[in-house]
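All chains are named by letter (A, B, ...) in the order of the sequence lines, taking the proteins before the strands, and each is independently numbered beginning at 1.
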Amino acid sequence: MPAAEGNGAGSLPGVPELPEVESVRRQLVPRLSGRRIVEVWWDPHPQARFHGVDRLRNRRIERVERRGKFLLCPLDPATEGHGEQLVLHLGMTGSLSVEPTSEAGADPDAGLTHVRARLDLDDGHTVRFRDPRRFGRLSVVAPDAYAEVVPTLAVLGPEPLSPGFTVAHLAEGLARSRSPVKARLLDQRLVAGVGNIYADEALWQARIHPGSRRVARPRAALLHAAIVEILTAAIEREGTTFRDYQMVNGSSGRYATFLAAYGQHGRPCRRCGTTLRRTVIAQRGTTYCPTCQRI
DNA sequence: CCGGGCCCCTGGATGC
DNA sequence: TGCATCCAGGGGCCCG
């Protein structure tokens with residue numbers, strides 16, 4: 001099939017963004033809350049992005065929280081007085097599973113590929129972090145060390161589904177910059193958790209060209225509403241289906257059939273029928289409607 | 001301080 | 001058919 005006809009959502013590669021990470025979080029809550037980690041293994045690969053993981057041994061996971069695309073698990077005892085947390089980012093291809101711990105002496109990852117870390121819990125289950133492309137990160141860090149260990153988390157913008165994400169915040173943030181609006185959405189400082197899929201979707205919904213360098217307040221208000229609406233709908237459907245991402249229980253999300261822009265280049269715009277166009281903005285593939293979304 | 005651009009990595013798709 | 005090359009992309013990092 002020529003690229004101009006589009007890939008079709010079913011075969012799209014995809015990356016966990018806020019809705020996908022939130023879905024993972026909700027599935028992890030009953031499995032991890034209150035559990036003590038009794039043993040830890042992690043990939044010794046030199047490019048592996050692990051920090052302080054040895055400090056997980058004999059710690060208890062108090063809760064499973066989320067900020068943007070990061071999963072945060074406060075640990076007990078908290079040590080260092082500032083509340084150390086397990087901070088996990090799935091990167092592009094990271095996924096988690098929770099299954100009964102393998103019997104002693106057996107291959108702990110029999111039949112599984114790309115296992116980068118294992119956490120054995122005190123209830124006889126093992127959490128596995130699998131990540132073919134090794135872009136994921138796993139750190140044990142207190143908030144006052146975010147800047148050194150997970151710099152994006154240190155400067156993360158407001159949660160888009162919290163009261164702190166206001167039209168004024170978005171409008172003023174966009175007004176302070178001449179970068180393409182899509183680049184600002186991908187930059188986690190303005191708003192947390194939006195990635196390539198939902199940036200394209202929100203801009204299509206708000207009828208804003210992804211390359212726009214000036215977004216006045218009325219359109220910022222439309223964009224704000226679109227971000228909130230789309231992320232809420234995606235969470236309700238447990239995110240978007242894609243090939244190499246799996247949630248804890250092995251299922252995948254159901255938002256794919258709702259995608260209006262992302263990965264739909266070559267197909268007609270649902271609003272006006274114009275063929276959706278693909279371009280590159282901020283080094284990311286970008287799909288938009290050249291008729292509905294004007295600079 | 002900000003932002004553009006490059007880089008990390010590896011499976012899948014594409015090209016010859 | 002098989003090998004080589006290209007491409008995807010979150011975010012860290014460098015540099016202007």
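A/P74 has its side chain out of reach of A/E84: every pair of non-hydrogen atoms, C-beta onward, lies at least 4.5 Å apart.
Here the nucleotide nearest the side chain of A/S179, chosen from B/dG3, C/dG10, B/dC9, is B/dG3. When the nucleotides B/dC8, C/dC13, B/dT10 are ranked by their closest atom to the side chain of A/R134, B/dT10 comes out on top. Here the side chain of A/P151 is nearest to one of C/dA8, C/dC13, C/dG9, namely C/dC13. For A/R213, counting side-chain heavy atoms from C-beta on, the closest listed nucleotide (B/dG4, C/dG10, B/dT10) is B/dG4. Listed nucleotides: B/dC2, B/dC8, B/dC9. Nearest to the side chain of A/R49: B/dC8. Distance from the side chain of A/S177 is smallest to B/dG3 among C/dG11, B/dG3, B/dT10.
A/R67 places its CZ atom 16 Å from the C1' atom of C/dG11, with the value rounded to the nearest Å. Atom CZ of A/R137 is separated from atom P of B/dC9 by 12 Å (rounded to the nearest Å). The distance between atom CG of A/L138 and atom P of C/dG11, rounded to the nearest whole Å, is 15 Å. Note: CZ (A/R133) to P (B/dA13) measures 11 Å, nearest angstrom. Put simply, CD on A/Q188 is 15 Å from P on C/dG9, counting in whole angstrom units. Rounded to whole angstrom, the span from the CD atom of A/Q283 across to the P atom of B/dC9 amounts to 19 Å. Between A/R178 atom CZ and B/dG4 atom C1' there is a gap of 16 Å when expressed in whole angstrom units. Nucleotide C/dG10 holds its C1' atom 15 Å from the CG atom of A/L185, rounded to whole Å.
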Does the pair A/R60 and A/R35 meet the rule for a side-chain contact (heavy atoms from CB on, under 4.5 Å), with working shown?
CA-CA 6 Å; A/R60 194 171 62 92; A/R35 298 272 63 81; over 6 Å; no
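An aromatic stack links A/F135 and the base of C/dG10, using centre distance under 5.5 Å and interplanar angle under 30°.
Using a 4.0 Å cut-off between charged nitrogen and carboxylate oxygen, A/R118 and A/E39 do not count as a salt-bridge pair.
Between C/dG10 and A/R284, a contact under 4.0 Å exists linking OP1 or OP2 to a side-chain N or O. A/Y262 has no side-chain polar atom (N or O) that falls below the 4.0 Å cut-off from OP1 or OP2 of C/dA8. For A/T93, no side-chain nitrogen or oxygen approaches OP1 or OP2 of B/dG11 to under 4.0 Å. Note on A/H114: every side-chain N or O is 4.0 Å or more away from OP1 and OP2 of B/dC9.
If you find the closest nucleotide of DNA chain C to A/G91 and to A/E148, the one lying nearer the 5' end belongs to A/G91. Residue A/R189 is the one, among A/H45 and A/R189, whose nearest nucleotide of DNA chain B lies closer to the 5' end (criterion: closest heavy atom).
Of all heavy-atom pairs between A/P132 and A/R116, the closest is O-NH2, 3.1 Å.
Of the options A/V141, A/L56, A/V53, a side-chain contact (heavy atoms from CB on, under 4.5 Å) to A/L86 is made by A/L56 and by none of the others. Just one residue in the list A/E17, A/R284, A/K182, A/E201 forms a side-chain hydrogen bond (donor to acceptor under 3.5 Å, both in side chains) with A/N196, and that residue is A/K182.
Remark on the helix from B/dC2-C/dG16 to B/dC16-C/dG2: inter-end axis angle 50°, axes from five-pair C1' superpositions, rounded to 10°.
In this structure, a donor-acceptor pair under 3.5 Å is present between the side chains of A/E20 and A/Y198. In the model, A/Q264 has no side-chain atom that pairs as donor or acceptor with a side-chain atom of A/Y288 under 3.5 Å.
Within the 4.0 angstrom heavy-atom criterion, only backbone atoms of the sugar-phosphate kind lie near A/G285; the bases stay farther away.
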